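Note that this is a predicted model, so its numbers are computed, not measured.
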Amino acid sequence: MPDRAQPPVDRQLPTDEARDLISLARDIAQREIAPRAAEEEDAGIFPREVFTLLSRSGLLGLPYDSEYGGGDQPYEVYLQVLEELAAARLTVGLGVSVHSLSCHALANYGTKQQQVEHLPAMLGDGLLGAYCLSEPASGSDAASLRTKAVRDGEDWVIDGTKAWITHGGIADFYTVMVRTGEDGARGISAFLVPGDAAGLSGAAPEKKMGMKGSPTAQVHFDGVRVPDERRIGEEGQGFAIALSALDSGRLGIAACAIGLAQSALDEAVAYASGRQQFGRPISDFQGLRFMLADMATQIEAGRALYLAAARLRDAGRPFAKQAAMAKLHCTDTAMKATIDAVQILGGYGYTADFPVERYMREAKVLQIVEGTNQIQRMVIARHLAGPEAHRTG
C-alpha cells in the first residue's frame with residue numbers, strides 16, 4: 001500500500017523563534033521519538049533519554065522564566081510544541097505536560113530563594129518531575145486527601161500514599177499536596193520533595209491498557225522528612241496552588257489530545273487513499289469521506305479552543321472555564337477520532353500492524369486525567385450558573 005505522507009499542521013505562530021521551536025520539536029519527534037514509539041510502548045519502555053534530549057534542547061521548560069532556565073515562551077507556543085511531541089508519542093507529550101505541571105507551584109508560588117535554588121535544575125538540567133495530588137481514596141474529591149505532614153522542629157514529616165502518579169518511582173522531584181491542618185481544602189499545603197528522599201518509594205507501575213511506556217504508580221511516603229524551606233507557599237495554601245496548576249495542566253492535556261487525534265486522522269487519510277475496493281480508493285466513498293471531514297473539523301475546532309484559552313492565560317485574564325472546555329472537547333475528540341480511524345482501517349485497524357489501535361487505547365486515559373470529563377462539565381456549569389445548591393436533610 002502506498003505511503004502517503006501528510007503535510008504538517010499549518011500553525012499560526014507569533015514569532016520567528018516560535019517557528020524555530022516548532023521545527024526543532026518536529027525534527028526531534030521524527031528522528032528520535034516516532035521511529036521507536038510502537039516497539040517501546042509494546043515493551044513498556046520509558047524513553048528517559050528523550051526527556052534528557054528535550055531538556056538539553058530547551059523544550060522541557062518552555063513556558064517558564066529564562067532567568068531560571070526556562071524558554072520565556074507564551075502558552076500558545078508551548079502547547080503547540082506539546083501537540084507536536086504528543087503526535088509522535090503520547091508518552092512523551094503527556095510526560096512533558098506533567099513535568100511542566102510539577103514545576104508550576106515553585107515557579108508561581110515559591111520564594112525567590114527557592115526559585116534560584118531549585119528551578120534551574122528542574123527546567124534545564126535534565127531533571128524529571130511528578131505531581132502528587134490524587135490518592136487511593138481521593139481522586140475527583142481531591143480536598144479529602146489524607147496524606148499528612150506533621151511539624152517536627154524545622155522539618156515536616158510526611159506519611160501517606162499518593163496514587164496514579166505519572167513518573168511515580170522514577171521522578172527526580174515530586175510536587176506533593178499534603179494535609180498540614182484541618183479537614184477540607186484549607187488544611188492542605190504544598191511541598192517540593194526530592195525523589196531520593198529517605199522513606200519515599202514507588203510501587204510497581206500500574207498495568208494499563210494504553211501508554212504502557214509511561215510509568216503510573218503509587219508513591220509511598222513513610223516518615224519522609226522535608227525541611228520547612230521546601231514548603232511552597234503558605235500553610236493551607238496548597239489546594240489553591242493545586243487548582244491553579246490544574247487549570248494550566250488541562251490545557252496541556254488538550255494539546256496532547258489534539259496531537260493524538262491528528263495522528264489518527266493522518267493515518268486514516270493515508271490508508272483510505274491507498275486502499276482499493278471495488279476498483280477505486282475507499283476514500284472515494286462518500287460515507288468514509290464524511291467521516292474524515294468530521295474528524296478534521298473537530299480537530300481544528302479543538303486546536304482553536306485550546307489556543308484561545310492559552311491566549312487568555314498569556315494575557316493574564318481568567319481562563320479556567322475555557323481550559324475546562326478545551327480539555328473536555330479535545331479529549332472527547334481524540335477518543336472519537338481514534339475510534340473512527342480504527343473503523344476506517346477495518347480489520348487492519350484492529351491489529352498492531354497499524355498504530356491506530358494503540359492510539360485508541362491511549363486516547364481513553366485523556367478523558368480521565370487532570371479531572372475527568374464529568375468534572376470538566378461541572379466546572380463549566382459553575383462558571384455559567386454558579387455553585388450547586390447543597391441539599392440538606
Side-chain angles (χ1 to χ4, degrees), residues 94-95 97-99 101-106 109 128-151 156-195 197-208 211 214-226 230-233 235-250 252-253 327 364-376 378-379:
L94 189 70
S97 180
V98 167
H99 176 80
L101 180 69
S102 67
C103 296
H104 181 277
L106 184 61
Y109 295 90
L128 186 66
Y131 180 81
C132 297
L133 178 61
S134 295
E135 296 183 3
S138 65
S140 296
D141 183 16
S144 67
L145 66 84
R146 304 315 304 167
T147 297
K148 191 172 185 178
V150 176
R151 190 72 181 255
W156 295 83
V157 180
I158 303 176
D159 288 283
T161 297
K162 292 296 181 178
W164 311 111
I165 306 305
T166 300
H167 306 152
I170 67 167
D172 299 302
F173 65 92
Y174 296 83
T175 297
V176 187
M177 308 302 161
V178 299
R179 188 160 303 285
T180 56
E182 62 188 89
D183 289 343
R186 288 178 292 186
I188 296 171
S189 300
F191 289 86
L192 181 66
V193 182
L200 187 155
S201 62
E206 305 289 350
K207 296 179 180 180
K208 301 174 297 185
M211 289 193 67
S214 175
T216 304
Q218 291 190 354
V219 178
H220 303 301
F221 297 82
D222 184 10
V224 175
R225 186 171 289 269
V226 181
R230 280 183 169 265
R231 174 175 45 82
I232 304 173
E235 288 184 44
Q237 194 180 8
F239 194 68
I241 292 173
L243 293 185
S244 170
L246 286 175
D247 285 339
S248 296
R250 285 166 180 162
I253 299 302
K327 198 272 182 182
K364 186 60 203 174
V365 76
L366 299 175
Q367 295 177 304
I368 298 170
V369 296
E370 308 270 345
T372 67
N373 282 8
Q374 287 69 35
I375 291 293
Q376 304 313 312
M378 291 173 61
V379 170

Separation between OG1 (Thr372) and CD (Gln367), nearest 0.5 Å, reads 10.0 Å
Of all heavy-atom pairs linking Phe191 and Ile232, the shortest is C-CD1, 4.3 Å
- Item | Backbone N/O of Ala242 and side chain of Tyr131: donor-acceptor pair under 3.5 Å | yes
Heavy atoms of Gly169 and Val219 approach each other most closely as N-CG2, 4.3 Å
**Study point:** Heavy-atom check, side chain of Lys208 versus side chain of Val365, under 4.5 Å
**Key:** no
_As a quick check of understanding, evaluate salt bridge (charged side-chain N to carboxylate O under 4.0 Å, His left out) for Arg179 and Glu135, giving each step before the final call._
CA-CA 12 Å; Arg179 188 160 303 285; Glu135 296 183 3; over 6 Å; no
Hey, are the side chains of Glu370 and Leu101 touching, using non-hydrogen atoms and a 4.5 Å cut-off? yes
* **Side chain to side chain, Phe173 and Arg230, heavy atoms closer than 4.5 Å** => no
Worksheet entry | Backbone N/O of Gly233 and side chain of Arg231: donor-acceptor pair under 3.5 Å | yes
Separation between OG (Ser248) and CD1 (Ile253), nearest 0.5 Å, reads 12.0 Å
| Does the side chain of Met211 reach to within under 4.5 Å of the side chain of Val369, using non-hydrogen atoms? | no
Shortest non-hydrogen pair, Lys327 vs Ile368, comes out as NZ-N, 3.9 Å
With a 4.5 Å cut-off on side-chain heavy atoms, are Lys148 and Asp159 touching?
no
Under 4.0 Å between a Lys/Arg side-chain N and an Asp/Glu carboxylate O for Arg146 and Asp183? yes
>> Given 3.5 Å as the limit, does a donor-acceptor pair link the side chain of Lys162 with the main chain of Gly168, or not?
In response: no
Output for pair (Ile158 CD1, Cys132 SG), nearest 0.5 Å, gives 9.5 Å
**Asked** So do the side chains of Tyr109 and Ser244 get within less than 4.5 Å of each other, counting heavy atoms only?
**Response** yes
Smallest heavy-atom separation, Leu145 atom then Ser138 atom, equals CA-OG, 3.5 Å
Problem - Ser201 and Asp222, any side-chain heavy atoms less than 4.5 Å apart - result: no
Practice task
Anything under 30° is parallel, anything over 60° is perpendicular, the rest tilted; go ahead and classify Tyr174 against Phe221.
Solution key: perpendicular
